[in-house]
Structures are given as structure tokens and as C-alpha cells.
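Values below: all heavy atoms of this structure, side chains included; hydrogens, waters and symmetry mates excluded.
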Amino acid sequence: MITPEKQVLNELTTADSVFLPVGFIDLEATLDGGQAFRWWRQQDGAYRGVVGRRVVTIIEADGGLLIRPADGKDSSGLGRSLSDYLGQDQDLDGFRARFADDPCLGPALRGYSGLRVLRQDPWECLFSFICSSTSNIPRIKLNVGAVAEMLGFLIGPDSHDVTFPEPEAIAECGEQFLRDLGLGFRAKYLVPAAEAVASGELNLSVLREAPYAEARNALTELHGVGEKVADCVLAFSLDKPESFIVDRHILRALHRWYDVPEKASLTYAANWARDYFGEHAALANQYMFHRERLARRATEWGGAHISRALPEDGR
DNA sequence: GTCCAGGGTGAAA
DNA sequence: TTTCACCCTGGA
């Protein structure tokens, strides 16, 4: 297994770009598939977004990714930062080997191997998934983007090139401000969550080190954070590869492929999946969710998509 | 123009 | 355990 340190040593770094030899990563599925909400596809196919306090573009290149700074600064530090963000220390090889023959994940792994679980900033991730309640990806992007552009710092030439606002800024702007931006009833959850993080009452950095159950309990203390939202934050920003996110689509998949009872509660299903997939639960979850998404689209589009995406799928 | 669903949560029954 | 209100945007 390649460690992040070795990968950084392997980078080809110049002043205006960094090559990350990370193999194939499906940028659309990974950056714009419901894990993160502030990536924008440029006309040249590159994805542009903010990681930390840097604006970058990412484009698929032979054997890896080409990272370019888009904020006028040089590329120093971007290799490490992006390698970290893209989840390079996760056990993808172990996951692939273990589930190669799995009826659901096997075909998914052969069909689209480039899906990764991101390692995002915990505060932005928490904010985003509180916004996700009874929403959809286009709207979440709209909401999170609007808040960022109103309250974040501009760090590049494009209007999207803004840092995510600190919790203090969200706490100060107030509920009505967020409602006026179109956040709806979620506004009444977001301000107290921001206050908890700003005051230190909720320390997200500490939760990165904490055991899964403890971190999950701490998150669900927040109003507006139930089990689903907590598991999103745990998987996508708090280093908890054993978290598993259950919605109605995933529940249907668990029933179809693993005989989990059709009418099982979301809590039961999540517990079952964490037990079954163990340390690979979050990865399994993403591949399963992506498969369900493609299957839904295939139905909507008349079935043309699924044969390409899932060449060895028997159904 | 209307209708409806969208990777939920919390409170009340 | 089940039901329902909560906001509002985009697509059918």
C-alpha cells in the first residue's frame, strides 16, 4: 500500500501545477455526487473549488490528477493538501479485494473504480449536511454557495472562489439572514450549530480522534442533526470509515442485495451495514449509493446507461 | 399555470 | 412506532 508520504514524494511538482499519481479518480462522481457541494465544472472539464484557503482546479491526467492553483499563488503545499482531501490514506485496495465477488459491490467496483470518499473540512461538511434535509443536490449547492459567497473571503478571481465562512460568521448573521438566502427551516438549526462550534462547546477536531459512537452522539446532540446527517459528517470529514448512511434508496439496495428486511427501520439497517461492512462501510456506502443513482437514471433515461456503467451486472 | 419530490429532523400522538 | 409540519426550488 502506498502511504501519503510516499505519494507526496512521487509528485511531479512545478510552480504552476502538481501531479498526483493516485490512479484513476472519477471526479464527477466523487466531487459532484453528493459528498461536497462547492465544486464547479469548468468548460475544459476541470473541477474548480476551494480546499482550505486555496483555490484549485483538478483535472484527470494519465495515471493521476493534475492540480493547478487558481488563486495566483504557486503550487507549494497543494499536493499534500489535495492528497489528504481526496482520501488517499483510505484502504481502497483492501476494500476492492474484499468485495470483488460481492453481488452488489463487485460489479460496481468493476464499473466505476474511481469513486473516493472525501476528507473535507468538518465545519463546512456539518453545515452542508444540515442543509441537505429534505433537499436535493442542486438546491444544496445553491444554498451552501450563496452563504459562502455572502460571508466567506474572496480568495480568487471567480465569484465562487471564497473560503467557507467561519462558524462565528454564521452565528452572527442570524436565522433571518439565512432564511432570506433561501435556506428555509434549516436556518433555525444552522445558527445554534454555528454557535456550538464557535464557542468550543462542540469541538470538531476532537471528534476526529474520538471513537465513532462518541463522535456520533456528540453530533446528534445538535438540533437538526439526526443519524443520517451525523453519518454523512462522520464519513466525509471526521475520519470514520465505519459510518454508513441510510436513506430510502440505500435501504432498498440493502433489501435487494443483502436480504435486509424491506421494512427494516433506518437505524436497524445502518447498524446491520456497519456490522457487515466494518471498516469499509463508508466506501461500500458510496459505491452502493452511486450504483442506485445510476440505476435510477437508467430507468429515467430508458435503460441505456446501465449497460455501460455495469457491464457485468446480471440483472 | 399546478403539482410534486427532494441522500431528514423533531415533536406530538 | 407512526405521522406531520417545516421551507422552497426545479422539473414534469
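Judged by distance alone, the side chain of A:Q35 and the main-chain N or O of A:L118 form a donor-acceptor pair under 3.5 Å.
Partners of A:D121 by side-chain hydrogen bond (donor to acceptor under 3.5 Å, both in side chains), not counting sequence neighbours: none found. Looking at residues two or more places apart in sequence or on another chain, you find a side chain to side chain contact (heavy atoms under 4.5 Å, CB included) between A:S76 and A:D74. Listed by chain and number, the residues in a side-chain hydrogen bond (donor to acceptor under 3.5 Å, both in side chains) with A:T14 are A:D16, A:S17 (sequence neighbours excluded).
Annotation for A:L154: hydrophobic cluster partners, listed by chain and number, are A:V162 (ILVMFWY side-chain heavy atoms under 4.5 Å, direct or chained).
The stretch residues 159-177 of chain A participates, sequence neighbours left out, in these salt bridge (charged side-chain N to carboxylate O under 4.0 Å, His left out) pairs: A:R48-A:D161, A:R53-A:E166, A:E175-A:R179. Each salt bridge (charged side-chain N to carboxylate O under 4.0 Å, His left out) pair with one or both residues in residues 180-200 of chain A, not counting sequence neighbours, would appear here, but there are none. The salt bridge (charged side-chain N to carboxylate O under 4.0 Å, His left out) analysis of residues 133-142 of chain A, with sequence neighbours excluded, yields the pairs A:D32-A:K141. Listed by first then second residue, pairs satisfying salt bridge (charged side-chain N to carboxylate O under 4.0 Å, His left out) with a partner in residues 224-235 of chain A read A:R216-A:E227, A:R216-A:D231, A:D231-A:R274, not counting sequence neighbours.
Taking the C1' atoms as reference points, C:dC7 lies 14 Å from B:dC4, given to the whole Å. B:dT9 and C:dG10 have their C1' atoms separated by 23 Å, with the value rounded to a whole Å. On the P atoms, C:dT3 is 22 Å away from B:dG7, given to the nearest whole Å.
Here B:dG6 presents its P atom at 12 Å from CD1 of A:I137, a figure rounded to the nearest Å. Atom NZ in A:K263 sits about 13 Å away from atom C1' in C:dT2, given to the nearest Å. The distance between atom CD1 of A:I140 and atom P of B:dG7, rounded to the nearest whole Å, is 7 Å. When the P atom of B:dG8 is taken as reference, atom CG of A:D231 falls 13 Å away, rounded to whole Å. What separates CG of A:L266 from P of C:dT1 is a distance of 11 Å, to the nearest Å.
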Close N or O pairs between protein and nucleotides 9-13 of chain B (under 3.5 Å):
from   : atom 1 : to     : atom 2 : distance (Å)
B:dT9  : OP1    : A:G226 : N      : 2.9
B:dT9  : OP1    : A:G226 : O      : 3.3
B:dT9  : OP1    : A:K228 : N      : 3.4
B:dT9  : OP1    : A:V229 : N      : 3.0
B:dT9  : O3'    : A:G224 : N      : 3.3
B:dG10 : OP1    : A:L222 : O      : 3.3
B:dG10 : OP1    : A:G224 : N      : 2.7
B:dA11 : OP1    : A:H223 : NE2    : 3.3

Anything under 3.5 Å between a protein N or O and an N or O of nucleotides 8-12 of chain C, put it in a table, one pair a line.
from  : atom 1 : to     : atom 2 : distance (Å)
C:dC8 : O4'    : A:R139 : NH1    : 3.4
C:dC8 : O4'    : A:R139 : NH2    : 2.9
C:dC8 : O2     : A:R139 : NH1    : 2.8

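With rounding to the nearest 0.5 angstrom, the CG atom of A:L142 is 9.5 Å from the CG atom of A:N136. Rounded to the nearest 0.5 Å, atoms CD (A:Q88) and CG (A:L82) are 10.0 Å apart.
Taking only side-chain nitrogens and oxygens, A:K188 comes nearer than 4.0 Å to OP1 or OP2 of C:dC7.
Within residues 241-255 of chain A, the residues that place at least one heavy atom under 4.0 Å from DNA chain B are, in residue-number order, A:I245, A:D247, A:R248.
Counting any heavy atom pair closer than 4.0 Å across all strands shown, A:Q35 reaches no nucleic acid atom. Base engagement by A:F289 is indicated by at least one non-hydrogen atom pair under 4.0 Å involving a base atom.
No side-chain heavy atom of A:V50 sits under 4.5 Å from any side-chain heavy atom of A:F164.
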task = Both distances under 3.5 Å, Watson-Crick or G-U wobble: on that basis, could you give the dot-bracket string for DNA chain C, with [ ] for crossing pairs and | for other-strand partners?
result = ||||||.|||||
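A salt bridge does not link A:R41 with A:E28: none of the charged nitrogens is closer than 4.0 Å to a carboxylate oxygen.
Between A:F244 and A:Y276, the distance from one ring center to the other does not fall under 6.0 angstrom.
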